[in-house]
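Excluded from the calculations below are hydrogen atoms, water molecules and symmetry mates; all remaining heavy atoms, backbone and side chain alike, are included.
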Amino acid sequence: QVTSFQGIAVRSLCTSSPHDHPEHGRLVYKGNLAKAVLGVKFFSYSTSIFNLFMMPYIMLKTGIGFDSLLIETAFYGLIGFFTFVTPVTLHVLTKGYVVRLYYKDDMDTYTAITYNVILAEKATVFHQKDVKIPDITKMFTTFYAKTKSMLVNPSLFPNPQDYHHLMGYDKSLYFNLEEEKEAGERK
């Protein structure tokens, strides 16, 4: 592979495609809201930190005083609610959003990249057999990988077969008549 860099030809000796990751495998999914999720969480965290540092200064300089302890407690409670609850709620809602999903063919394992609390990427490795589809459709869950909820957009998989394999839709359906008979006899 030859690329031009400031008029100089640069040869790359990389043997893998740009969508492969040496540790995680082949890239099968890339979420289109990754930058938005990261930006919203960062904005929420930064405004909360700014609020924590500025509120004591504002209170001291303005001399806001309350006659009632109940009103003062309600005021500080409201400020604390928006300072702490908003970032926590955003994290709970977006912690399962899959930024990238890699697949290793030889081991039949997936690696889901999500954002953790401190906005760093977190890798979750799981087998296809660990994927569970929720019985009831949930708002922020497409599937469970072991016990962790994951959210993906099926239309963003470049190859639909990758999504079908992830969800287990490519498995053949067969019925074992003996197991059905035993289950019927137990009832």
Side-chain angles (χ1 to χ4, degrees), residues 1 3 5-6 10 12 14 16-58 76-105 107-128 130-134 136-168:
Q1 180 180 8
T3 344
F5 178 72
Q6 294 182 350
V10 178
S12 173
C14 182
S16 62
S17 77
H19 299 293
D20 287 351
H21 190 277
E23 184 181 341
H24 303 308
R26 177 176 56 94
L27 180 67
V28 295
Y29 173 82
K30 188 172 183 181
N32 61 349
L33 295 176
K35 288 183 179 179
V37 167
L38 186 64
V40 168
K41 287 175 86 169
F42 179 77
F43 178 75
S44 176
Y45 288 174
S46 62
T47 56
S48 292
I49 291 170
F50 179 77
N51 192 18
L52 283 174
F53 284 114
M54 291 305 294
M55 281 315 293
Y57 177 76
I58 291 170
Y76 290 126
L78 185 66
I79 291 172
F81 175 80
F82 287 111
T83 301
F84 295 110
V85 173
T86 304
V88 169
T89 304
L90 278 172
H91 174 69
V92 167
L93 294 177
T94 62
K95 70 180 177 181
Y97 182 75
V98 177
V99 177
R100 290 184 310 279
L101 186 67
Y102 296 95
Y103 177 65
K104 274 192 174 180
D105 294 322
M107 300 176 68
D108 196 27
T109 58
Y110 288 91
T111 304
I113 306 296
T114 57
Y115 292 125
N116 64 11
V117 175
I118 59 170
L119 304 179
E121 290 186 350
K122 177 184 174 186
T124 304
V125 179
F126 58 94
H127 291 276
Q128 194 283 323
D130 297 329
V131 173
K132 303 283 187 256
I133 302 169
I136 300 171
T137 306
K138 300 199 175 182
M139 187 178 290
F140 296 103
T141 303
T142 307
F143 65 92
Y144 290 101
K146 298 180 182 174
T147 58
K148 185 174 180 180
S149 66
M150 299 281 177
L151 176 65
V152 295
N153 184 348
S155 64
L156 293 179
F157 281 82
N159 183 359
Q161 294 300 346
D162 289 327
Y163 176 74
H164 292 295
H165 183 69
L166 169 69
M167 301 301 280

Counting distance only, does the side-chain N/O of [X] pair as donor-acceptor with the main-chain N or O of [Y] below 3.5 Å?
{"X": "Thr86", "Y": "Thr83", "value": "no"}
{"X": "Ser48", "Y": "Ser44", "value": "yes"}
{"X": "Lys122", "Y": "Ala112", "value": "no"}
{"X": "Thr142", "Y": "Val152", "value": "yes"}

Check whether any side-chain heavy atom of [X] sits under 4.5 Å from a side-chain heavy atom of [Y], and report yes or no.
{"X": "Glu121", "Y": "Arg100", "value": "yes"}
{"X": "Thr124", "Y": "Lys146", "value": "no"}
{"X": "Tyr45", "Y": "Ile118", "value": "no"}
{"X": "Phe143", "Y": "Asp130", "value": "no"}
{"X": "Leu166", "Y": "Tyr29", "value": "no"}
{"X": "Phe82", "Y": "Thr47", "value": "no"}
{"X": "His165", "Y": "Val28", "value": "no"}
{"X": "Tyr110", "Y": "Val98", "value": "no"}

More than 12 heavy atoms of other residues, nucleotides or ligands under 6.0 Å from [atom1] of [X]: is that the case?
{"X": "Met107", "atom1": "CE", "value": "no"}
{"X": "Lys148", "atom1": "NZ", "value": "yes"}
{"X": "Lys95", "atom1": "NZ", "value": "no"}

When rounded to the nearest 0.5 angstrom, what is the spacing between [atom1] in [X] and [atom2] in [Y]?
{"X": "Met55", "Y": "Tyr76", "atom1": "CE", "atom2": "OH", "answer": "7.0 Å"}
{"X": "Leu93", "Y": "Leu151", "atom1": "CG", "atom2": "CG", "answer": "10.5 Å"}
{"X": "Asn32", "Y": "Asn153", "atom1": "CG", "atom2": "CG", "answer": "6.5 Å"}
{"X": "Phe50", "Y": "Phe43", "atom1": "CZ", "atom2": "CZ", "answer": "11.0 Å"}
{"X": "Phe126", "Y": "Leu101", "atom1": "CZ", "atom2": "CG", "answer": "5.5 Å"}

Quiz item: What closest approach, in Å, do Gly25 and Lys104 show between heavy atoms, and which atom pair accounts for it?
Solution: CA-CG, 3.9 Å

Practice problem: Could you please spell out the steps behind the side chain to side chain contact (heavy atoms under 4.5 Å, CB included) verdict for Leu119 and Phe42? | Solution: CA-CA 8 Å; Leu119 304 179; Phe42 179 77; 4.0 Å; yes

Practice problem: Please lay out, stage by stage, how Tyr102 and Ile113 fare under the test side chain to side chain contact (heavy atoms under 4.5 Å, CB included). | Solution: CA-CA 8 Å; Tyr102 296 95; Ile113 306 296; 3.9 Å; yes

Self-check item: Option from Thr109, Asp108, Thr111 for which side-chain hydrogen bond (donor to acceptor under 3.5 Å, both in side chains) with Tyr103 holds
Solution: Asp108

